[in-house]
Amino acid sequence: MTAELIDGKKLAADVRERLKMEIAAGQGEDLPVLAVVMVGENDASRIYVRNKQKAAAEIGMVCEVYEFAESIGERALMSSLQDLNDNPHINGIIVQQPLPEHIDPLKILAVIDPAKDVDGFSPTNLGLLATKEPQAIVAATPKGVLQLLQSTGQELAGRHAVIIGRSNIVGRPLAMLLLNQDCTVTVCHTKTRNLAEIVRQADIVVAACGCARLVKADWIKDGATVIDVGINRVEGKLCGDVDFDAVKEKAAYLTPVPGGVGPMTVAMLLENTWEAAQRQFREGKAGSAAGHGHHCSCGHCRS
Ligand code: NAP
């Protein structure tokens, strides 16, 4: 069997195109605004932020970057986030990680208004996801993985999904998301015994461990679906957590790296921001209903 590749690039482009049309159609409303908070200097973060700004601009979304010195204190950063929470122009807030050592990311995430927490990393949104509340904002990478799975058209209920990795940004929220889809979910990590044996039982494998080509072809049940979240650089080339060339001959569906989960992550962040903005516009907490309508000179509004 040769796997059908799931084209994350195409799927993400479709999502971005839909968002662009929906935003353009929202005549009379403010443009959605995403605030990206960066602390200190980090070359990788700067590249990620630039990519987000570019992707936002392409769909007509405003992306504002708030930069703070490495030396900023935890309290001062929390206070600045509170200002963003209170600013009716801002619809979504993300804090670029990693943060400097002296700042506790959990404390910072807890300050973000859950309605603006478009990364979905705050304890409130994780709790809402865990309790299957529809208003949960779901983290972009797990949400992208679900859409990639759904794009194959297969029934998810009752399938055994094995996730390799239990981070707060990928493995854990994905486990809850797939459980909410009635999958039977197993989460593996570095203390898991017989990893290969467990993966062999999976109808769906999601590799999110950051270990280049860890998942081998003989770990994969014939006809399984394999989603590769990993981004690793080996000898200057990008590769995932799955041994792509060999697994391709075993799986029914497989995502490539690059071109699979990565583009979906960015698209889902934009979707989360647009959905949050729409909720705020409807509830009158932002946009024209909050008094920033047709005569606003803020630079974000359409008029
Ligand atoms: P992370 O925080 O380092 O977590 C890695 C997880 O994998 C941990 O739970 C760890 O277990 C587990 N793990 C590591 N080695 C393992 C092994 N040999 N066997 C079994 N489990 C193992 O990483 P992350 O932030 O979740 O990211 C995971 C990968 O996805 C990275 O390559 C990252 O670059 C990539 N990523 C991609 C996207 C995208 O948009 N495509 C988004 C986010 C992340 P313990 O908990 O026991 O340590």
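Numbering of residues begins at 1 and proceeds along the displayed sequence. In each ligand, atom 1 is the first atom listed, and ligand 1 is the first ligand listed. Bear in mind that the values here come from a model prediction, so they are computed numbers and not experimental data.
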Pairs meeting criterion side-chain hydrogen bond (donor to acceptor under 3.5 Å, both in side chains) with involvement of [range], two or more places apart:
range: residues 247-265; result: Thr2-Glu249, Thr141-Thr265
range: residues 215-236; result: Gln154-Thr225, Asp203-Lys221, Asn232-Asp241
range: residues 173-191; result: His160-Thr186

Quick check on ligand 1: any N or O pairs to the protein under 3.5 Å? One line per pair.
{"from": "ligand 1", "atom 1": "9 (O)", "to": "Arg166", "atom 2": "N", "distance (Å)": "2.8"}
{"from": "ligand 1", "atom 1": "11 (O)", "to": "Thr190", "atom 2": "N", "distance (Å)": "3.4"}
{"from": "ligand 1", "atom 1": "26 (O)", "to": "Ser167", "atom 2": "OG", "distance (Å)": "2.5"}
{"from": "ligand 1", "atom 1": "32 (O)", "to": "Ile231", "atom 2": "N", "distance (Å)": "3.0"}
{"from": "ligand 1", "atom 1": "32 (O)", "to": "Ile231", "atom 2": "O", "distance (Å)": "3.4"}
{"from": "ligand 1", "atom 1": "40 (O)", "to": "Thr265", "atom 2": "OG1", "distance (Å)": "2.7"}
{"from": "ligand 1", "atom 1": "41 (N)", "to": "Val229", "atom 2": "O", "distance (Å)": "3.4"}
{"from": "ligand 1", "atom 1": "46 (O)", "to": "Arg166", "atom 2": "NE", "distance (Å)": "2.7"}
{"from": "ligand 1", "atom 1": "47 (O)", "to": "Arg166", "atom 2": "NE", "distance (Å)": "3.4"}
{"from": "ligand 1", "atom 1": "47 (O)", "to": "Arg166", "atom 2": "NH2", "distance (Å)": "2.8"}
{"from": "ligand 1", "atom 1": "47 (O)", "to": "Thr190", "atom 2": "N", "distance (Å)": "3.1"}
{"from": "ligand 1", "atom 1": "47 (O)", "to": "Thr190", "atom 2": "OG1", "distance (Å)": "2.4"}

Residues Val229, Leu174; criterion side chain to side chain contact (heavy atoms under 4.5 Å, CB included); working and verdict:
CA-CA 11 Å; Val229 180; Leu174 181 63; 5.7 Å; no

Starting from Trp274, can I reach Leu146 by hopping between I/L/V/M/F/W/Y residues whose side chains sit under 4.5 Å apart?
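Shared cluster, yes.
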
Quick one: do Glu155 and Arg159 make a salt bridge, cutoff under 4.0 Å?
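Salt bridge absent between Glu155 and Arg159.
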
